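Chain A is the first sequence line, chain B the second, and so forth, proteins listed ahead of strands; every chain is numbered from 1. Everything quoted here is computed from the prediction, not taken from an experiment.
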Protein chains: 6
Amino acid sequence: MAEADTVHISELTWSDYDKRLRGGATPILLPVGALEQHGPHLPMNCDTIIPTAVCERVAARVGALVAPPLEYGYKSQPRSGGGNHFPGTTSLDAATLIAMGRDIIRELARHGARKLAIVVGHTENLMFTTEACDLALRELRGEGIDDMRIMHMGYWEFSSEATLRKVFPDGFPSWNLEHAGVMETSVMLHLNKDLVRFDRVPTHPPANFPPYDVYPVEPDRIPASGALSSGRTASAEKGKFMLDEYVESIAAALSREFVL
Amino acid sequence: MAEADTVHISELTWSDYDKRLRGGATPILLPVGALEQHGPHLPMNCDTIIPTAVCERVAARVGALVAPPLEYGYKSQPRSGGGNHFPGTTSLDAATLIAMGRDIIRELARHGARKLAIVVGHTENLMFTTEACDLALRELRGEGIDDMRIMHMGYWEFSSEATLRKVFPDGFPSWNLEHAGVMETSVMLHLNKDLVRFDRVPTHPPANFPPYDVYPVEPDRIPASGALSSGRTASAEKGKFMLDEYVESIAAALSREFVL
Amino acid sequence: MAEADTVHISELTWSDYDKRLRGGATPILLPVGALEQHGPHLPMNCDTIIPTAVCERVAARVGALVAPPLEYGYKSQPRSGGGNHFPGTTSLDAATLIAMGRDIIRELARHGARKLAIVVGHTENLMFTTEACDLALRELRGEGIDDMRIMHMGYWEFSSEATLRKVFPDGFPSWNLEHAGVMETSVMLHLNKDLVRFDRVPTHPPANFPPYDVYPVEPDRIPASGALSSGRTASAEKGKFMLDEYVESIAAALSREFVL
Amino acid sequence: MAEADTVHISELTWSDYDKRLRGGATPILLPVGALEQHGPHLPMNCDTIIPTAVCERVAARVGALVAPPLEYGYKSQPRSGGGNHFPGTTSLDAATLIAMGRDIIRELARHGARKLAIVVGHTENLMFTTEACDLALRELRGEGIDDMRIMHMGYWEFSSEATLRKVFPDGFPSWNLEHAGVMETSVMLHLNKDLVRFDRVPTHPPANFPPYDVYPVEPDRIPASGALSSGRTASAEKGKFMLDEYVESIAAALSREFVL
Amino acid sequence: MAEADTVHISELTWSDYDKRLRGGATPILLPVGALEQHGPHLPMNCDTIIPTAVCERVAARVGALVAPPLEYGYKSQPRSGGGNHFPGTTSLDAATLIAMGRDIIRELARHGARKLAIVVGHTENLMFTTEACDLALRELRGEGIDDMRIMHMGYWEFSSEATLRKVFPDGFPSWNLEHAGVMETSVMLHLNKDLVRFDRVPTHPPANFPPYDVYPVEPDRIPASGALSSGRTASAEKGKFMLDEYVESIAAALSREFVL
Amino acid sequence: MAEADTVHISELTWSDYDKRLRGGATPILLPVGALEQHGPHLPMNCDTIIPTAVCERVAARVGALVAPPLEYGYKSQPRSGGGNHFPGTTSLDAATLIAMGRDIIRELARHGARKLAIVVGHTENLMFTTEACDLALRELRGEGIDDMRIMHMGYWEFSSEATLRKVFPDGFPSWNLEHAGVMETSVMLHLNKDLVRFDRVPTHPPANFPPYDVYPVEPDRIPASGALSSGRTASAEKGKFMLDEYVESIAAALSREFVL
């Protein structure tokens, strides 16, 4: 394989990685996903596959590298993921996810990386990867490293309003209700339609939640499908359209922040 | 995709997973790898790719499922992995790896799984995944679950003496010195030769260590290549031969322990 | 003092508390705030005072009790609180806040409480108090207690759309940008106008953030005032109006969930 | 409100706090209390109210500021607080209290504070706030801050022998047996007599303990009232007398240590 | 060696231990010491040797067994041990000591032990071994064990007032000031005079402390000897007299509590 | 006692220790053992006594000092210690052992020590004391100490092949199967034959394990004696021979590494 053919750190030898990192100038992208039910029609790795795909494409554009994704995330919450009681949803305690993020950042800094982008694919992770950044930066200061910069994002936040209007002509519900909905179904159809059972896509109306949660989760308050809205209007074309925008916008943001 | 075509939990919908798990009778295999330098010729994900490949093949034989691998492992040690000072080696603190293992076991038990095999691909992980099992089983007892059984193994320990004699006609050094050596190079050649830069395989003699470690690691005590012995006699055929034995022996062990 | 005059657990004797708790039927409300900059015009305890005021009023209506508020919260984030670099903002590590919540829930359960509402006043706390609930409920199951129910909410999520239209006639920006904005300024003017320096209320336009964060926080991306939008249209009347709705809606939710 | 009217950090805007802190020269006082049963006649927040009152008065004298009190403390012990089995007593694990203290010290140091006094109101907290100081100072050294100085005290230790002779003419039992006894009842009568049910003050003799504890606590070894001695000779006058001495002595100690 | 000749668990085979434990009826004594400076004349293991000696003698009387002592304890405090800045004083973080105690209790319970006495030899340990008891008992309840009983004590608290009058004819200062003073010097002279450099016993007056601590510890506030009072009136006879009383009183307490 | 008569830090006064440490040039040896069943014939402290004896002798040769041993270790594993289910085996959680090691290293560094050797007597400890070294060195870098060097070893790894051929004329099984076997029995006969019940030495063949573990441990897969091979060919002479080699080789290694 020609060395330049991969953006995945995991597929590089250490010496090629070392060369590619070039004194910290090369950004590293870390996808942070989950293993979580995504309705009866989507595979449980959506939240990992999509940000990883985003990272691969961004890396190819801006000359970055992609670290292995975190494939387990924080506990699914009722109003954004249906709740953590579904079989298959396999989640970490907060402390575990925080420690994963912190340790990886610490190690990348040891390698010399100084530009890192954490690309989250699962809403529930965001505050814990935020804490991981804070703890890692605190530790790094203790080691005398104070020039590490970290961009932290959920990829879906890069959808423009124009795109939302186009993809959701009848009105965009909310990112939380989009769990296993039109966007994720579309992007998965585009990325790997073999993993999508489109024949099973739920058609029920969006879930309707009060403005609070009750714990322990009461399963009969959650759509039995696990999806929070219907992906029946999804298509591979919409998926490509949305993914392209994520890639383009995130690549632009990296270029701007990291002067690439 | 036909539902039966995958052994990967991550590629199943939650409802298919739930059906496949069948009240706990289906075993789940968890590969636990690392992102670690493996000499100038192997990609850094060897310790993840190989046990994952073992798990996929074992799962296909015995009707098991494979959980997403842990792609980050414990700190590389000088005498078994060259030490944790190499660029690219990206390791977790002990507490983090323990917590990862414990959380995943806890969740699988919540799904109803009662037969779990942890297949480690990186020597340094073993004691920490052992602790993960102990902590998880303690917690599960607190939840009233006392029938979870966990097999815990390093895949390489399933090489028979006959195989070692055949693959290492001039004498088998030790599994520790085999880091990035004949076995790993062979299996990688078999699994994905595009990721192997065989032209760079080191030819230096095996590393020679005193019976102790010194910390902080002193890099000039370690072969500069990162490999602890030479993989120059590796071949895809040897790789297939060894991998087949791992798969066959581990499948047999699972069938015996879990009455499959 | 007549025993019935207070809703604050802290002001009761243990024996009166014990009597009031009546076998777990009495709900307990726990306000979770922060010590955080709120612009040049608001005191740093807004996020504690407001949910505590909500809890006092709800408790009076539904016969509940109020536990002492948590007055320190999670680290202020740039896009919802201006960032944690301001003097005065005094924040906890994630693990600390999680442990606080977990310990208090565990103790309330020991007293016999079975109905608990956590009323968060600081956005950044939400995921950590969520984790506190999960850990506490797990521990309680270990102690054989499985009938504790916890409502978990951010009080501001109880604003109806009608109210937002009325209070923000020119359009509601977002709750995140409302940090030290119209709502908080109004409610503080209503609750304790002596703590508000209305003469200093910022008049700058709302902060304009890209859809990601950069850590370490770069202070010059944040309005120097610390407020994320202007509270110049705030008034005590608006504050009363909004507070009344919070109290009424949360009281109704408690009555419904806890069959009061 | 005139800015100088409050000593409470929580009531200041961040910019006023920043000005008041004046490069670290202004001391900060942190009251550390508890939510703990104090007999049938005292409210459960005695251990918070009293040190907070001390801190407010000391701050006013020496130009210090008061941070929000910690209202939850370490587990009540049989021989100093009656034990942790009483309803209402709401206690933290050691690790939680330590982390609270450490995090707050770390943040105050970030603001520029260099003079801190921790004023404990609950005996059982002392060793844990001690650990908090040690961990915080260790961390601060890692951040390059080595000039933070912390005074650490239980306010009651500032009673002179003359005072004890005067307040306890029949002999001073011990601070441990004074739980909900003459001193606390007196100071509460002085500070807020509405919270004291003096009609219920226990009249039983002081508790009589062997020189060891037995865990789990056996409730029938503890006075059923929760008080460890009788507060029947308490009075608001005694309370004022004792409180004044605490304030005067602690203010003097701060002035001496911090060269105010 | 005749099996009955030792009270030390560490010197028994597992099968003899198992037999001796007799279904939990045999009490186990756990000495918890420290490695801490004890002036210029005493070895640094005083706080371990003395409680271990007490435990051995108590065990011989009541038919108990002695677990290996914890030889490292919590950080020395200025007013009870001179402070943790002395060379030689080798202390644990709070979390570490708590975990040590908790783990050992958990394991003894697994063996079937139900009667445990923790005999502390170092004041600073007491609150942390208290927490260890609480955490262990909580965990054991999770495992369904609710009949473990733990006595928790500092051995010195068993000195009668008569003894103090006799040993300290000029007045007993306080246990805190007795650090490396008459009692410890006397008992060490009795137990192992070879370890005592009596020629170096300090003769300075007792340390004089204000009623608070300042951290970081300022060494020149502490007697340079490390002793907090003078042991010059110590003698082996006094040591024997005091030790005998400890043994007799603690044995009596165990017999009473554990119905031996 | 003449000051030079002991190598044990615990038996020195702090001032003698301080003098002996001589600016960090004196190495410190830390034995790390266990309280673990060792068959029906050996006391449970073998894994502590042997490395402590090694350390004492090495220290006498090279002018080093010995810290108090850790007498509790990590959980016994089936294939190296028989498993953790035996009565008497008293083990720590991974986190506890790691913290013990880290704290002690941190304190020794504070005293000025810069040369440390950790001599493990219990296989299962090795990875956890390794982590302790890594965490301690990381912390020390934060404190500005980067010249601490730690040797880390299992004493048994210093047996030469010649010795193994001599002591095991019929073939050396493996160190794992040597649990309570010829080596440990021999060394204990040499060190303290009173603690050995040689009449009970098991004569069963070596345990026969598959290349994996199953958790929870199934006791009937383990020899009921707890020994993994027979020590019937043990003798005090063999013990002296092996111990002498350990001492000589380890002393040589220290001299070489620490330039003594």
Side-chain angles (χ1 to χ4, degrees), chain C residues 1 3 5-6 8-18 21 33 35-45 48-49 67-72 84-93 95-100 102-104 106-108 110-112 192-197 200 225-226, chain D residues 1 3 5-6 8-18 21 33 35-45 48-49 67-72 84-93 95-100 102-104 106-108 110-112 192-197 200 225-226:
Chain C
M1 186 181 62
E3 175 190 325
D5 284 4
T6 185
H8 288 290
I9 292 174
S10 61
E11 295 181 348
L12 293 171
T13 66
W14 75 267
S15 40
D16 287 339
Y17 169 73
D18 194 31
L21 195 55
L35 185 67
E36 185 195 24
Q37 71 82 11
H38 271 75
H41 63 301
L42 290 177
M44 291 198 285
N45 60 6
T48 303
I49 280 192
L70 305 198
E71 307 199 39
Y72 297 91
N84 208 64
H85 57 292
F86 281 89
T89 298
T90 307
S91 306
L92 304 178
D93 278 1
T96 310
L97 180 55
I98 293 168
M100 283 295 296
R102 180 203 61 199
D103 287 5
I104 292 170
R106 183 203 298 125
E107 283 287 71
L108 296 176
R110 179 178 60 74
H111 305 163
N192 189 338
K193 75 176 186 324
D194 286 350
L195 294 179
V196 182
R197 297 290 309 254
R200 297 187 191 164
S225 72
Chain D
M1 187 181 64
E3 174 193 326
D5 284 4
T6 184
H8 289 289
I9 292 174
S10 60
E11 296 180 347
L12 293 171
T13 65
W14 76 266
S15 40
D16 286 338
Y17 169 74
D18 194 32
L21 197 55
L35 185 68
E36 185 195 23
Q37 72 82 11
H38 271 76
H41 63 301
L42 290 177
M44 291 198 284
N45 59 7
T48 303
I49 280 190
L70 305 198
E71 306 199 39
Y72 298 91
N84 208 63
H85 56 293
F86 281 90
T89 298
T90 306
S91 306
L92 305 177
D93 279 2
T96 310
L97 180 55
I98 292 168
M100 282 295 296
R102 179 205 58 198
D103 287 4
I104 292 170
R106 183 204 297 126
E107 284 285 72
L108 297 175
R110 178 177 62 74
H111 305 163
N192 190 339
K193 74 174 185 328
D194 287 350
L195 293 179
V196 182
R197 298 290 310 254
R200 298 189 191 161
S225 73

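Here OG1 of C:T90 is found 3.5 Å from NE2 of D:H111. Values are rounded to the nearest 0.5 Å. Distance CD/C:E71 to CG/D:L70: 9.0 Å, rounded to 0.5 Å. Between the CG atom of C:L35 and the NE2 atom of D:H8 there is a distance of 12.5 Å, given to the nearest 0.5 Å.
With a 4.5 angstrom heavy-atom cutoff, D:S225 touches chain C only via backbone atoms. Contacts between D:Y17 and chain C at a heavy-atom distance below 4.5 Å involve the side chain alone, from C-beta outward. For C:A95, no part lies near chain D; criterion is any non-hydrogen pair under 4.5 Å.
D:Y72 places a side-chain N or O within donor-acceptor distance of the main-chain N or O of C:P68, the cut-off being under 3.5 Å. With hydrogens and angles ignored, the 3.5 Å screen pairs no side-chain donor or acceptor of C:W14 with any backbone N or O of D:L42. Remark: side-chain polar atoms of D:D103 are not paired, donor with acceptor, to backbone N or O of C:L92 under 3.5 angstrom. For D:R106 (side chain) and C:S91 (main-chain N/O), no donor-acceptor pair under 3.5 Å exists by modelled atom type.
With sequence neighbours left out, the side-chain contact (heavy atoms from CB on, under 4.5 Å) criterion links D:A99 to C:T96, D:R102. Taking the side-chain contact (heavy atoms from CB on, under 4.5 Å) definition, one finds that C:S15 meets it with C:T13, D:P40, D:R200, sequence neighbours left out.
Closest of all the heavy-atom pairs between D:S10 and C:P43 is O-CB, 3.5 Å.
Counting heavy-atom pairs closer than 4.5 Å to chain D, the top residue among C:L108, C:I104, C:L97, C:I49 is C:I104. Considering only heavy-atom pairs separated by less than 4.5 Å from chain D, the leading option among C:G226, C:G112, C:G39 is C:G39.
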Next item on the list: Check the pair D:N192, C:E11 against side chain to side chain contact (heavy atoms under 4.5 Å, CB included), reporting the backbone distance first and the verdict last.
Entry: CA-CA 10 Å; D:N192 190 339; C:E11 295 181 348; 5.7 Å; no
